[in-house]
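Just so it is clear, the model here is predicted, and its values are computed rather than measured.
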Amino acid sequence: QVQLVESGGGLVQAGGSLRLSCAASGRTFSRYAMGWFRQAPGKEREREFVAYISWSGGNTYYADSVKGRFTISREYAKNTVYLQMNSLKPEDTAVYYCAARAPFPPATTADQYDYWGQGTQVTVSS
């Protein structure tokens, strides 16, 4: 089992940057594939896929809406996954969640993830 805690959210102007962190507990962090999802205002039933990174860090996937602007990475020594967000837009405003799942297969839907953090709010002003 793994516990996840996100941090790094906040209020930023359009065009700005934020880096989200997701700290994982436990010694088996390297066995999990990790994802970032977001839930926008008024869409409480939808957790939209943002980014995925494999257990090895060798494979990453991104939603088309963030490709070229967001970068997912992981640091095994700190049991942490990051989401670097650049060129932020007002439509990126959401609660951002990190999630963990078994290493295979790669997954881009929320129902395929087993463990979730509590979320961190990102607000982008125009």
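In this structure Phe37 satisfies the ring pair (Phe, Tyr, Trp, His ring centres under 6.0 Å) test together with Phe49, Tyr113, Trp116, sequence neighbours excluded.
Annotation: Gln3, atom CD; neighbour count of heavy atoms from other residues, nucleotides and ligands within 6.0 Å does not exceed 12.
Atom CZ of Arg38 is separated from atom SG of Cys98 by 15.5 Å, given to the nearest 0.5 angstrom. Separating the OG1 atom in Thr120 from the CG atom in Leu83 is a distance of 11.0 Å, to the nearest 0.5 Å. Between the CZ atom in Arg19 and the CG atom in Asn86 there is a gap of 11.5 Å [rounded to 0.5 Å]. Taking CG of Leu4 as the start and OG of Ser21 as the end, the distance is 12.5 Å to the nearest 0.5 Å.
Clustering ILVMFWY residues whenever any of their side-chain heavy atoms sit less than 4.5 angstrom apart, transitively, puts Tyr82 in a cluster other than the one holding Trp36.
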Worked verdict on Gln112 versus Arg101 for side-chain hydrogen bond (donor to acceptor under 3.5 Å, both in side chains) = CA-CA 7 Å; Gln112 294 177 292; Arg101 59 156 286 122; 5.3 Å; no
Starting from the C-alpha separation in whole Å, work towards a yes-or-no answer on salt bridge (Lys or Arg N to Asp or Glu O under 4.0 Å) for Lys67 and Asp64.
-> CA-CA 5 Å; Lys67 203 171 294 183; Asp64 288 342; 3.1 Å; yes
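Between Tyr52 and Met34, the closest side-chain pair of non-hydrogen atoms is not below 4.5 Å.
Residue Leu11 shares its hydrophobic cluster (ILVMFWY side chains chained together at separations under 4.5 Å) with no other residue.
Paired with Val50 under the rule side chain to side chain contact (heavy atoms under 4.5 Å, CB included), one option of Tyr62, Tyr61, Phe70 passes, and it is Phe70.
Heavy-atom minimum distance, Pro103 versus Arg31: CD-O, 3.1 Å.
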